[in-house]
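This chain uses plain numbering: 1 for the first residue, then up along the sequence. Predicted, not measured: the structure shown is a model, and the values here were computed from it.
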Amino acid sequence: MPRPATKALAVAAAAGVGIAALVWWARQQKKDSELDDEADAPPPPRTEEAPKDAASGEAVKAEFNSCKQKAFELFKASPPRYAEAAEWFSKAIDLSIAHETLAPQRKALYNNRSACRERCDDLEASLEDCAVVLASDPQHAKVRRRRARIFDKLGRNEEALVEICADLLIQREAFKKALQAGRQADQPTPVDNVESVMRAVGAAAAEEVLAARRASGAKFGMPSSNTITQLLMTYAAYDSRAQAASTDSTDYATSIKAARASGDDAETIRLLLQRAETATYSKRYEAARKDVELASAQKVKAEANGQQFPPALVAELERAAGLYKHLVHDLSGAAECYERALALESDPAKRVETRVRLAGVHVDNADMASADASLDAALADADGASVSDVHMHRAQLRVIRRDLEAAKNDLEACIAVAPGHVLARLRLATVLIHSGADAQSVEEQVEAAERLAPTMSEVYQVKGEVLLAKADLRGAIRQFDEAIRLDESNPVPLYNKGLTLIQMNQFEAHNAQKLFESALAVDPTCMVALMRLSELKLQLAASFDQAQAVVDMLGGAMQNCRDKDELVELSTVRAMAVAQLAAARDVGLTSFQM
């Protein structure tokens, strides 16, 4: 099924830092020293000692300083001698434990030995030293960064992400205090493995959801009416079928009753399928699905009694059943239906459409090679039939692969065959925008679409996107408003308007939030709107409870998400929010209030 291309837009809940910013900061990361030196430790307390004790204390201090100095020299040697440096830091630690006056130095010593042990790949021992430091100073930034690296190396990605977030929070608090004191300060900067860790955690969480679904045999309900309509509109025959449905005055209830009374199973199935098609193109999808199921049940019952049906009728039934199995995400069932239809169908045009539908099932199953093969077979089956649908759907596949030039060629081929295909023109305009094409080429396609469908919401949605590309934000909002007026069930102009408001003025965040919520109200399966809403709510969250509510919302969305790529994005957003909550508690914060 078609879907908008999305990128992860997770926001670091506590720090108010988006993933895009995190990645940028990671590339700008400063390289600071891993070691704490004498300046990092408070001076030992002054004590009144007897002359003999004073002499003894000075000797211990001298030995202690010698151990530290030797450790620093070995650490910085060329080549570095980290194992030996760790031994000398250990000797200094032993002295600090034996002599309480040296106790203030212990935290720095454990940090330094931890740094040596990390470089020796003695990772568990390094973590033990980190734990000692954090027990007395949970906001020790160097230790947090080191733990993030070590957990990443050990494949403990969730723990690594918590440490990355803790480090960001520590930096944020330091930044805030510096500003309050009137000092210049650097912006928070994450460690350089932030993106890979986030992606790993998100992918693992998504796989857990998918595995649980496979184990339980979980099933989905129907997607939103808008989602189904958008899918059907990708086919060139949509307008003619919708027109036929709007003028269909058949009394199906009476006709079906008569066919059943006469025992004519073939006629009963034909009428049920015809009523289902009328319902489908009248946007009464649940009624259509019910009729397809009734027709399938009628066929099974009749075949049990030895009846056989014309191949063309059975092929039509399998095609209809395939569509509604696809809509409830029964991908294997849908594929089987379409394969059975192909085995029976002789009409080239219907074979082409069946193969295109089958390709869509393969795409949703992340089997791009099979999708390619199905579309190639559709071209081979055409035998003079229109191939506009093949080009339209192959263009979508190429957009997913980011091959915009090939997508443009397919969309132009689609329009050459079906010049009245409004959605193809709008998709071409969008591809041209993202390809950096000249404004005239884009506007030609949009103007042609507007002439063909002057009251179609999607036309004004794309007109708004064109104006956005020109940085005409107010003009874009006017077009989005018109798109919303023409079709309140279309979520895209709602969330596009919300994004534009934020781009115009950050203080419009609350109005943008309402628009994202409206988009979800008309289409609860709109994952793009949900991720934008999550991002915004996390940015505005001042308390742990507010952030937890977003985490819960994302968790529910993950369970209902059908698309694997979108599931990974949702999982990544949620993983960052969960890590931020855990990190905030770890470093001792009580809220996210700046």
Side-chain angles (χ1 to χ4, degrees), residues 1-11 13 18-20 202 206 209 220-231 233 329 364 399-400 426 430 457-458 460-462 464-465 468 473 476-477 479-504 506 508-541 546-547 549-577:
M1 295 169 65
R3 58 181 184 273
T6 61
K7 292 184 179 179
L9 289 168
V11 167
I19 278 183
V209 172
F220 289 98
M222 295 272 278
S224 69
S225 175
N226 177 74
T227 299
I228 301 171
T229 302
Q230 291 295 314
L231 169 65
M233 285 174 63
H329 211 67
D364 280 359
V399 167
I400 292 171
L426 295 177
T430 302
S457 172
E458 287 78 6
Y460 299 91
Q461 169 191 313
V462 175
E465 292 169 5
L468 271 183
L473 305 186
I477 284 180
Q479 297 300 328
F480 293 144
D481 282 338
E482 181 63 9
I484 293 166
R485 185 189 69 80
L486 289 169
D487 185 0
E488 294 180 352
S489 71
N490 183 359
V492 179
L494 287 164
Y495 68 70
N496 273 346
K497 181 181 176 182
L499 290 171
T500 307
L501 285 175
I502 294 173
Q503 191 173 344
M504 287 176 63
Q506 61 178 329
E508 291 281 2
H510 287 287
N511 289 328
Q513 179 174 326
K514 291 177 182 177
L515 286 163
F516 298 150
E517 289 170 342
S518 296
L520 286 168
V522 300
D523 186 355
T525 66
C526 183
M527 293 296 109
V528 180
L530 187 136
M531 284 188 280
R532 268 50 170 195
L533 178 61
S534 303
E535 176 184 28
L536 195 54
K537 283 190 169 184
L538 288 171
Q539 284 179 329
L540 299 173
Q546 289 173 332
V550 179
V551 170
D552 294 341
M553 178 178 73
L554 290 166
M558 285 170 61
Q559 299 305 316
N560 297 317
C561 184
R562 300 157 183 263
D563 181 85
K564 184 175 181 180
D565 291 337
E566 289 181 350
L567 178 59
V568 171
E569 302 294 352
L570 279 174
S571 301
T572 304
V573 176
R574 184 177 181 276
M576 179 57 81

Residues at least two apart in sequence or cross-chain that pass side chain to side chain donor-acceptor pair (under 3.5 Å) with S224, listed by chain then number, are T227, D523
**H329 side-chain N/O to F220 backbone N/O, donor-acceptor pair under 3.5 Å** = no
So CG of L520 and CG of L515: to nearest 0.5 Å the spacing works out to 11.5 Å
Interatomic distance, NZ@K537 vs CD@Q546, rounded to 0.5 Å, equals 9.5 Å
With heavy-atom distances below 4.5 Å as the criterion, would you say the side chains of [X] and [Y] are in contact?
X	Y	result
M504	I477	yes
L540	H510	yes
I502	R532	no
T525	N560	no
V551	L538	no
F480	L468	yes
M527	D563	no
F516	L499	yes

Going by atom types alone, do E465 and N496 pair a side-chain donor with an acceptor below 3.5 Å?
-> yes
### Query
Do the charged groups of K514 and E517 touch, with an N to O distance under 4.0 Å?
no
Smallest heavy-atom separation, R562 atom then P223 atom, equals NH2-N, 3.2 Å
Of all heavy-atom pairs linking P524 and A521, the shortest is CD-O, 4.4 Å
